[in-house]
Amino acid sequence: MSNTTTETEQPPAPDDTAAERLSTAPVESDGPTGIGVLGWARWMWRQLTSMRVALILLFLLSLAAIPGSLIPQYQNGQGQLKVEAWKAQHGTVAPVYEKLQLFDVYSSVWFSAIYILLFVSLAGCIVPRTWQFVGVLRAQPPAAPRNLTRMPVHAAWRTAADPDAVNAAAHRLLRKRGFRADLSGGAVAAEKGYLREVGNLLFHLSLFALLGGFAWASLASGTGGKLMVEGDAYSNTITQLDDFNGTRFYGNQDLDPFYLKLDTFTAKFQSSGSQIGAARQFTANVEYAAGSDTSKLKKSTIEVNHPLEIGGSKVYLIGHGFAPVVTVRNAKGDVVYSGATPFLPQDGNQTSTGVVKVSDYGEKDGRRTQLGFSGFFLPTAPVSFEGTGPVSLFPDDAAPELVLNAYAGDLGTDSGLPQNIYQLNMRKMTQLTQDGQPAKVRLKPGQAWELPDGYGSVTFEGYKRWASFDVSHRPGNAIALAGAVLAILGLIGSLFVQRRRIWVRAVALPGGGTQVELAGLSRSESAKIAEELAELAVDLQDDAPASEEEDEDPTPAPDGREAAAGSDDTEAEASDPAVPADQNSKE
């Protein structure tokens, strides 16, 4: 019996067929083949479906997504407002960004071109490799090479058992170990580790699904924004949303019908310690009903990263703040305005700014007049504004105050032109004065302010909380998530499963007895194939025990020495189909 020898694997012979290879990866070409346009087209197609180009496209796709994370996007919640605010602050580069579609990255022409090319590259790799792999599965394992003792891992011994019985026993043992085994031509050929290529193909298919889910989401998704004060409700229609961003296959008429009401909003912050002011809880308690029937309301809560799913849409909590309740009376004492007006927070302590527009004030001195108030709402106001100005000291309502400035004139609300509800159009407004100074006041809940020049009074009745929601419809998220999970599973399979082959041949010797030869070949250098061959040799001893004159252990041991009982051939079979030949795999 011989010892095991370890040798460097030789490259495959030129006549090696695709079905006999250990991988279905396409062979890379160094240059264009064919003549003229057809040859260049073939070469460009091979480059596009190569691993190199696929990695470049993936890298470009990741780079292209960076502007979408750093620059406000129209598709995001309150996207229109954020984009317009960003443009106002960066007036010089805003037109350039607009032309480059940087405010709409994921629907831009250049971003779409990258992932479409990646689609084509993956498809051009997956389809032929899948057919090749099907051919490998349908074919029998490659026949045993002529000289097994020249293989990288091998073992051999002599036995008195019948050759056919030895081959049958080896065939049975290999099938028991999960190998695809074929007994023919006086030898057993077995192969295992197909999950490696399955994992490889699964990884590529999952990337295809991931990109498909992303593409479907970009084509058939939509987002809408809605700000609601406690007690407010709305139906999910385009007329009641604050803003809406649709896509090619999801427009105004495709909105999921539902009813949503904000009952209460709860916010809690840490009030002591080194993390004073840190947020601890944001919870919107809501009532909702799917469809147009509002008679069967359900209660639920919406928290950060815990959206409410209604039909095909998800409602996310994205912001909160305070809405002072203000009542305005004219000189006759008639109520001309009363309600909660949302103020927008400007810092982490909820220093909020806003305006109150009184369009129906009436007449003053025989002229139609409108009033406007701008100012700050401070949840925790300081005792004095000296040195700091009107700022809040804590994000919760420990000492709430409302700071107002009063204006009279024409708000411009009757012009028919749209205007920002959080800003005053000062073009035709004049600030009221009191004692020669601009009219302004600090009010605590329940306090009133008598306006100068007989304009009436303003009462700070109290305040409510408001919450803003993002209503998102993204049908491709589930597909993208499934693709990501399957891609990880496929990658694990392609990295940790080893493709390997084992051959067993038992032949009768001229002087009597049987020569048993075992050999193994793995795609990568690993001790696992040697271990499997050693275990098979030991198990085979029950059916083919070594002859008594043998003084060697029948298990292989890769010690680097030449076989003692092998053939006198000087080199391995040149056309051995077991040697791996894939150099262009997209693993």
Side-chain angles (χ1 to χ4, degrees), residues 68-69 72-73 75-79 81-82 106 210 213-214 216-218 220-237 240-245 250 254-271 275 277-291 294 296-323 342 344-345 348-350 352 379 395-397 464-485 488:
S69 302
Q73 300 293 297
Q75 298 97 331
N76 298 335
Q78 296 184 342
L81 294 176
K82 293 181 179 179
Y106 305 112
L210 186 65
F214 180 81
W216 178 243
S218 64
S221 64
T223 58
K226 182 62 179 179
L227 186 149
M228 289 192 291
V229 180
E230 291 176 322
D232 286 354
Y234 95 105
S235 295
N236 192 41
T237 60
Q240 296 194 34
L241 285 170
D242 296 334
D243 59 78
F244 175 75
N245 293 296
Y250 190 82
D254 300 315
L255 290 170
D256 296 308
F258 64 82
Y259 169 88
L260 183 68
K261 179 182 178 182
L262 176 62
D263 288 334
T264 58
F265 182 83
T266 302
K268 294 183 179 180
F269 304 88
Q270 185 164 323
S271 57
Q275 295 185 341
R280 292 294 176 257
Q281 179 187 356
F282 296 129
T283 303
N285 301 293
V286 299
E287 292 181 321
Y288 72 97
T294 59
K296 297 179 181 179
L297 294 177
K298 300 178 182 179
K299 291 185 177 293
S300 184
T301 59
I302 305 176
E303 299 180 352
V304 178
N305 297 326
H306 292 83
L308 173 64
E309 188 168 356
I310 311 176
S313 298
K314 290 184 178 181
V315 183
Y316 293 87
L317 175 64
I318 61 172
H320 71 100
F322 293 91
L344 300 181
N349 286 330
Q350 294 290 304
S352 305
D396 213 351
D397 52 350
K464 295 181 179 180
R465 292 184 182 268
W466 60 260
S468 59
F469 301 93
D470 179 62
V471 183
S472 176
H473 178 86
R474 295 185 64 85
N477 283 350
I479 299 175
L481 177 60
V485 173
I488 295 175

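Hydrogens, waters and symmetry mates are skipped; everything else that's a heavy atom, side chains included, is used. Each residue takes its place number in the sequence, starting with 1.
Proximity of Pro257 to Ser235: side-chain heavy atoms (C-beta onward) are nowhere separated by under 4.5 Å. Leu262 is not listed as a side-chain neighbour of Tyr234, based on a closest heavy-atom distance of 4.5 Å or more. The closest side-chain heavy-atom distance from Pro379 to Asn349 is not below 4.5 Å. Leu308 places none of its side-chain heavy atoms less than 4.5 Å from the side chain of Phe469. Contact check for Pro307 versus Tyr316: side-chain heavy atoms found under the 4.5 Å cut-off. Counting heavy atoms from C-beta on, the side chains of Tyr259 and Leu297 come closer than 4.5 Å. Considering only heavy atoms from C-beta on, Thr223 stays 4.5 Å or farther from Phe244 through its side chain. With a 4.5 Å cut-off on side-chain heavy atoms, Thr301 and His306 do not count as touching.
Counting only distance, with no hydrogens or angles, the side chain of Ser352 and the backbone of Gln350 share a donor-acceptor pair below 3.5 Å. Not one N or O on the side chain of Ser313 forms a donor-acceptor pair closer than 3.5 Å with the backbone of Val471. In this structure a side-chain-to-backbone donor-acceptor pair under 3.5 Å is missing from Lys296 to Ala289. His473 contributes no side-chain N or O that, together with a main-chain N or O of Leu255, makes up a donor-acceptor pair within less than 3.5 Å.
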Verdict with supporting geometry, Phe322 and Lys464, side-chain contact (heavy atoms from CB on, under 4.5 Å): CA-CA 6 Å; Phe322 293 91; Lys464 295 181 179 180; over 6 Å; no

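Below 30°, between 30° and 60°, or above 60°: for His320 and Phe282 the angle between ring planes is between 30° and 60°, a tilted geometry.
Atoms CZ and CG, from Phe265 and Asn285 in turn, are 9.5 Å apart once rounded to the nearest 0.5 Å. Atoms CD1 and CD1, from Ile318 and Ile302 in turn, are 11.0 Å apart once rounded to the nearest 0.5 Å. How far CZ of Arg280 is from OG of Ser271: 10.0 Å, rounded to the nearest 0.5 Å. The distance from the CG atom of Asp470 to the NZ atom of Lys226 is 13.5 Å, given to the nearest 0.5 Å. A distance of 10.5 Å separates CZ in Phe214 from CG in Asn477, rounded to the nearest 0.5 Å.
Inspection of the Thr264 and Glu230 side chains reveals no N or O donor paired with an N or O acceptor under 3.5 Å.
For the salt bridge (Lys or Arg N to Asp or Glu O under 4.0 Å) condition, the pairs that include at least one residue of residues 256-271, sequence neighbours left out, are Asp263-Lys299.
When every heavy atom of Ser472 is checked against every heavy atom of Arg474, the shortest pair comes out as OG-CG, 3.4 Å. A pairwise comparison of heavy atoms in Pro395 and Gly348 identifies CB-O, 3.5 Å as the closest pair. Listed here is the closest heavy atom pair of Ala323 and Trp466: N-CD1, 3.8 Å. Residues Pro342 and Val229 share a closest heavy-atom pair of CG-CG2, 3.9 Å. Across all non-hydrogen atoms, the minimal contact from Leu210 to Ala480 is CD1-O, 3.0 Å.
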